[in-house]
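Read through the structure below, which is laid out as structure tokens, and then see the notes.
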Amino acid sequence: MNTLEFCRVLPKIELHAHLNGSLSEKTLKSLGCLNKSVSEYQGLTSINNKIERTLHECFELFKIAHLATKNPDSVYLAAQSVIKDFADDNVRYLELRTTPRAEDGMTKEEYIESVVKAIKDSKKPLVKLILSVDRRHDILVSQNTVAVILSMRNKYPDIIKGIDLSGNPHLGCFDKELFNKAKENGLKTTIHCAEIINNDEVMEILNFGPNRIGHATFLNPNYSGSIENWESYCKKKIPAEFCLTSNVVCGTAKSYKEHHMQEWIKNGLPFSINTDDKGVFCTSLSEEYEHAQNNFNLSNTDLWTIAYNAIDHSFASIQEKALMKKELKEWKTQNQHQF
Ligand SMILES: CNc1ncnc2c1ncn2[C@@H]1O[C@H](COP(=O)(O)O)[C@@H](O)[C@H]1O
Ligand SMILES: [Zn+2]
């Protein structure tokens, strides 16, 4: 069995996947996105082109995906297809995240209802929902989004588990009060952090103390982070969500080999491996594990351990975590010859 085959059969945990960035070409087409847009989209995103994209260019691509999910039915179909893609890739637990979006004829609540329904209707994997606040929105819009998120969480407490701050990192800022409100109301928090060099914002985020951080690209001093922030991070040991291909395509990591994940491995810090936007970046969770193995000399046991540790970073309940741990341990015992 070669590396990719092992990565495919390994039961995996996905903690950082944006719904609209995860739509496959097939799904975009079936949702009626213009063919021209889809081929343009694929051409722009293929890592095989070896063309680096700026973050700004990547953010243009989400606008194409958003054209495909403008009403409750298409949001439902989009979520259903993304959940199936992850199940087919042997993902046993998925934390899907998405930004509640109002469109003509669809409220933010209806958008969320559609995603929740797709999650409820799916048999596997186990799926939880994280709702995102887009950092480009002004405070009034974001306050409304948080209010909607909290009321929907009260309706679906077993599914809606967390809140995320995402969006173009060059725009907007982290608002501590907003996230404190979500935290005080029992939501878990994950924040896109240090996706670009911004040591002041990183300090604010670390002081806030989210449950997890996304990317953490420019946090270590070897990657333009401040020594003060790195020391604070090492004390807090907040699990990082790494998305290798996303960073390489956007050009924030120079290459897979030079990805900042190596600092976490070297220092024994907590992290998980994720896809970010598997549609936009033409990847899968198995391929992300393969890149990690090939570039950081990781053994099959190391990969299994990364998946196993991600269970503890997840926003699942204690009972759900225990079941997942049991499942992964049993799989390891049954597949001892692979290790
Ligand atoms: C490349 N790195 C990234 N950094 C920051 N935010 C990102 C992102 N990738 C995706 N998003 C966020 O997720 C949205 C698409 O999914 P949803 O419409 O929410 O399902 C994007 O519009 C952006 O706000
Ligand atoms: Zn992301």
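Computed over heavy atoms, backbone and side chain alike; hydrogens, waters and symmetry mates excluded. Order of listing sets the numbers, starting from 1, for every ligand and every atom in it. Since the model is a prediction, treat every value here as computed from it, not as a measurement. When a residue number appears, it is its place in the shown sequence, counting from 1.
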Please work out which of the three classes, parallel, tilted or perpendicular, describes the rings of Phe242 and His259, given edges at 30° and 60°. perpendicular
Among side-chain atoms of Glu320 and Ser317, is any donor-acceptor pair under 3.5 angstrom? yes
In the protein, which heavy atom is nearest to atom 15 (C) of ligand 1, and how far is it? Phe62 CD2, 3.8 Å
Atoms of ligand 1 less than 4.0 Å from Ser246 heavy atoms? 1 (C)
Below 4.0 angstrom from a heavy atom of His66, which ligand 1 atoms are there? Numbered from 1 as shown, please. 18 (O), 22 (O)
In this structure, does ligand 1 have an atom that sits under 4.0 Å from one of the heavy atoms of Ser132? no
One finds that the ligand 1 atoms under 4.0 Å from a non-hydrogen atom of His18 are 7 (C), 8 (C), 9 (N), 10 (C), 11 (N), 12 (C), 13 (O), 16 (O)
What atoms of ligand 1 come within less than 4.0 Å of a heavy atom belonging to Thr98? 17 (P), 19 (O), 20 (O)
If every non-hydrogen atom of Leu15 is compared with every non-hydrogen atom of Glu241, which pair is closest and at what distance? O-OE2, 4.4 Å
Looking only at distance, does Asp277 have an N or O less than 3.5 Å from an N or O of ligand 1? yes
Could you say whether the N/O atoms of Arg101 and ligand 1 ever approach to under 3.5 Å? no
Output field for angle at the Zn ion (ligand 2), His18.NE2 vs His192.NE2, rounded to 10°, should show 100°
Is it true that Arg8 and Glu5 have a side-chain N and a carboxylate O under 4.0 angstrom from each other? no
Using a cut-off of strictly less than 2.8 Å, determine whether Asp276 has an N/O/S atom near the Zn ion (ligand 2). yes
What residue and heavy atom of the protein are closest to atom 2 (N) of ligand 1, and at what distance? Glu195 OE2, 2.8 Å
Could you tell me the separation between the CD1 atom of Ile213 and the CD1 atom of Ile191, rounded to the nearest 0.5 Å? 10.0 Å
Atoms of ligand 1 under 4.0 Å from any heavy atom of Thr99, numbered from 1 in the order shown, are 17 (P), 19 (O)
Could you check whether Glu95 pairs with Lys161 (Lys NZ or Arg NE/NH1/NH2 to Asp/Glu carboxylate O, under 4.0 Å)? no
Tell me whether Glu113 is salt-bridged to Lys120, with the criterion being a basic N under 4.0 Å from an acidic carboxylate O. no
Close-contact set for ligand 1 against Leu19 heavy atoms, below 4.0 Å: 20 (O)
Which ligand 1 atoms does Phe59 reach within 4.0 Å, using its non-hydrogen atoms? 3 (C), 4 (N), 5 (C), 6 (N), 7 (C), 8 (C), 23 (C)
Would you compute the distance between atom CG of Asp277 and atom CG of Leu19 and round it to the nearest 0.5 angstrom? 10.0 Å
Pair Ser74, Leu77 - check side-chain contact (heavy atoms from CB on, under 4.5 Å), show working. CA-CA 5 Å; Ser74 57; Leu77 291 171; 5.5 Å; no
Is the Zn ion (ligand 2) under 2.8 Å from any N, O or S atom of His16? yes
Side chains of Asn20 and Thr69: is there a donor and an acceptor less than 3.5 Å apart? yes
Below the 3.5 angstrom mark, is there an N/O of Gly167, backbone or side chain, next to an N/O of ligand 1? yes
Strictly below 4.0 Å, N to O, side chains only: are Glu201 and Arg135 in salt-bridge contact? yes
Quick look: Asp276 vs ligand 1, heavy-atom contacts under 4.0 Å, and the answer is side chain
